[in-house]
Enquirer: 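So that we are looking at the same thing, I have put the structure below in structure tokens.
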Amino acid sequence: MDTFVFLTTILLPALFDGLIVTLELIATAAPFGLLAGIGVAVGRTYGSRWISLPLRGYVAFIKGCPLLLLLFILYFGLPSIGIRLSPFLASVIGFIFCNSAYNSEYIRGALLSVKEGQMIAAQALGMSRWQSIRYIILPQALRRAIPGMTNEFIYLIKYSSLAFMITAVELTGAGKLVATKYFLFNETFVVIAIVYLFLVTVTTVAANMLEKKFAVPT
Amino acid sequence: MGADKYILRVEDIHKAYGDREVLKGVSFNVRKGETKVFIGPSGTGKSTLLRCINQLTLPDQGRVFLNDEEVTNSGTRINYFRQKIGMVFQNFYLFDHLTAVRNVEVALLKVKKMDAAAAREKALEELRRVGMEDWADHYPAELSGGQAQRVSIARALAMDPDVILFDEPTSALDPELTREVLEVMKNLARQGMTMLVVTHEMGFALSVANEVLFMEHGKVVERGTPAQLLNDPAFTRTKNFIGKFRDYNEE
Ligand SMILES: Nc1ncnc2c1ncn2[C@@H]1O[C@H](COP(=O)(O)OP(=O)(O)O)[C@@H](O)[C@H]1O
Ligand SMILES: [Mg+2]
């Protein structure tokens with residue numbers, strides 16, 4: 001078969017369907033990964049021992065557990081206790097766990113780097129501890145965490161391919177199915193690599209714009 | 001003389017860090033419109049005293065009353081009292097991510113729940129009061145120390161406090177910038193603001209204070225009007241301290 005015909009009539013349509021799934025996985029996981037990351041970081045930094053200790057355990061567990069294993073537990077393991085998740089949902093939950101744990105580390109570092117006087121001044125104006133965190137500390141910390149969280153988002157783009165290991169046919173998976181069927185591995189994987197490179201590049205550019213938009217003179 | 005004449009009453013404040021006693025029973029009363037200046041060697045507990053008044057530091061013993069309401073042991077109502085007791089810090093502590101005007105309005109919006117237009121108007125008005133309205137849209141990093149301190153004074157003023165605590169407001173500034181901040185503070189005193197000021201600026205203390213309190217080792221050891229401190233032979237320790245400062249400043 002002509003390479004051009006293969007590309008346009010078989011590979012690209014299949015990859016397009018896969019790409020949609022990849023984008024859905026990322027778009028669903030990332031916002032929750034960010035919110036949970038903020039929650040974990042704030043809880044660990046400002047919470048009582050009863051809040052910070054379990055969160056510390058959570059982060060340690062996620063960092064220590066291979067993501068693939070986590071996905072296997074969610075998809076193949078949970079049914080034995082009666083919880084059945086679709087491949088998509090199991091993947092998203094696994095990604096949220098992973099993304100939030102690493103995001104929380106970047107945010108926590110940023111929270112600790114905000115100067116002590118900021119909290120003192122906020123409280124001296126009559127802000128509660130929570131208001132001080134919400135309106136004064138977090139906005140500064142999140143700005144500083146943008147580069148780290150961007151890295152984490154890029155990892156998310158790439159490890160979203162692990163969803164295929166629990167049968168969610170995303171970009172990599174769609175390509176692999178085509179490549180195996182037509183025995184055209186090099187063509188297929190080069191195209192897939194270009195798509196990932198494109199996604200990562202767009203992310204990097206967008207993150208730079210975000211950083212500029214929120215930049216504060218120092 | 002009824003206690004109700006006092007806007008602020010500070011009664012027998014004690015504070016220790018470990019077995020180091022930093023405040024050993026400090027008491028004083030403040031009338032509306034008065035300026036009290038605290039002087040004394042560093043490490044004597046002056047900052048700790050101011051922070052005990054708005055409970056940023058919790059005293060071990062003693063009570064504070066604002067308009068006869070107890071500030072100490074007030075639970076979450078402390079956030080109400082802190083609106084009424086402004087504070088200005090040596091290092092300004094402006095919010096780094098907010099422009100000058102937003103520094104002033106953020107507590108109006110989030111604490112006083114004012115609407116956006118009213119908060120902005122009030123914030124600009126306070127900036128005007130300290131001569132900083134032209135700098136409203138600048139970030140703290142773009143301001144000189146004196147400008148930053150004036151913005152922080154505007155931020156405190158915006159809450160319409162009953163009293164403002166100044167903790168060495170000019171100690172981080174060089175002499176030229178010190179002057180512009182002291183000028184703002186003198187104006188406030190003239191306009192009837194009630195102020196407690198920790199400072200090493202003797203000129204300011206002697207010209208503006210209704211009472212100067214000399215602290216040493218966690219206690220107020222001598223106190224009196226500027227005239228008394230200068231003329232009454234009893235105030236030996238204060239005079240000694242001021243004298244040392246004069247020598248030091250002239251070097
Ligand atoms: N949070 C703290 N923990 C331990 N010691 C403190 C703390 N804050 C102040 N101190 C000590 O209390 C003493 C008085 O400090 P401070 O009130 O800052 O004095 P001043 O403002 O008169 O220079 C100092 O010896 C200081 O080291
Ligand atoms: Mg001090």
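Every chain is numbered from 1, with letters handed out A, B, ... down the list of sequences. Nothing here was measured: the structure is a model prediction, and the numbers come from that model. Computed over heavy atoms, backbone and side chain alike; hydrogens, waters and symmetry mates excluded.
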Enquirer: Checking heavy atoms, do the side chain of R134(A), its backbone, both or neither come under 4.5 Å from chain B?
Expert: neither
Enquirer: Go through the atoms of R155(B) and report whether side chain, backbone, both or neither lie under 4.5 Å from a heavy atom of chain A.
Expert: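 When you check distances to chain A, atoms from both the backbone and side chain of R155(B) fall under 4.5 Å.
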Enquirer: For the CG atom of L125(A) and the CG atom of N79(B), what is their distance to the nearest 0.5 Å?
Expert: 10.5 Å
Enquirer: Taking atom NZ of K32(B) as the centre, report whether more than 12 heavy atoms of other residues, nucleotides or ligands fall under 6.0 Å from it.
Expert: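 It does not: K32(B) NZ has 12 such atoms or fewer within range.
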Enquirer: Using every non-hydrogen atom in the two residues, find where M87(B) and A124(A) come nearest and quote the distance to one decimal.
Expert: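 Closest approach of M87(B) to A124(A): CB-CB, 4.2 Å.
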Enquirer: Does atom CD (Q191(B)) have a neighbourhood of more than 12 heavy atoms from anything else shown, all under 6.0 Å?
Expert: yes
Enquirer: Mind listing the closest non-hydrogen atom pair of F95(B) and A121(A) along with its distance?
Expert: CE2-CB, 3.9 Å
Enquirer: If the contact rule is any heavy atom under 4.5 Å from chain A, which residues of residues 111-144 of chain B qualify, in numerical order?
Expert: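 The list, in residue order, reads V111(B), K113(B), Y139(B), A141(B), E142(B).
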Enquirer: Take a 6.0 Å sphere around CZ of F32(A) and say whether it holds more than 12 heavy atoms from other residues, nucleotides or ligands.
Expert: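 For F32(A), atom CZ is not crowded (no more than 12 foreign heavy atoms under 6.0 Å).
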Enquirer: In Å, rounded to the nearest 0.5 Å, how long is the span from CD1 of I136(A) to CG of N103(B)?
Expert: 7.5 Å
Enquirer: Just how far is it from atom CZ of R144(A) to atom NE2 of H97(B), taken to the nearest 0.5 Å?
Expert: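 Going from the CZ atom of R144(A) to the NE2 atom of H97(B) covers 10.5 Å.
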Enquirer: Can you confirm whether R143(A) is buried at CZ, in the sense that more than 12 heavy atoms of other residues, nucleotides or ligands lie under 6.0 Å from that atom?
Expert: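 Above 12, so yes.
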Enquirer: Under a 4.5 Å cutoff for heavy-atom pairs, which residue among A215(A), G117(A), S128(A) has the most contacts with chain B?
Expert: G117(A)
Enquirer: Do the non-hydrogen side-chain atoms of N91(B) and K115(A) ever get within less than 4.5 Å of each other?
Expert: no
Enquirer: Would you say that more than 12 heavy atoms from the other residues, nucleotides or ligands in this model lie under 6.0 Å from the CZ of F61(A), or not?
Expert: no
Enquirer: Can you tell me which portion of T218(A) sits under 4.5 Å from chain B's heavy atoms? Options are side chain, backbone, both or neither.
Expert: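 When you check distances to chain B, only backbone atoms of T218(A) fall under 4.5 Å.
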Enquirer: Mark yes or no for whether Q123(A), through its side chain, and L56(B), through its backbone, hold a donor-acceptor pair below 3.5 Å.
Expert: no
Enquirer: Using 0.5 Å steps for rounding, measure from the OH atom of Y93(B) to the CD1 atom of I120(A).
Expert: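 Answer for the OH-CD1 pair, Y93(B) versus I120(A), is 5.0 Å.
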Enquirer: Is it the case that more than 12 heavy atoms not belonging to Y155(A) sit under 6.0 Å from its OH atom?
Expert: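 No, OH of Y155(A) has 12 or fewer neighbouring heavy atoms, counting only those of other groups under 6.0 Å.
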Enquirer: Chain A heavy atoms under 4.5 Å from L94(B): which part of the residue, side chain, backbone, both or neither?
Expert: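 When you check distances to chain A, only backbone atoms of L94(B) fall under 4.5 Å.
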Enquirer: Side chain, backbone, both or neither: which part of L109(B) has an atom under 4.5 Å from a heavy atom of chain A?
Expert: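 Looking at L109(B), nothing touches chain A.
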Enquirer: Answer yes or no: does atom CZ of F76(A) have more than 12 heavy-atom neighbours from other residues, nucleotides or ligands under 6.0 Å?
Expert: yes
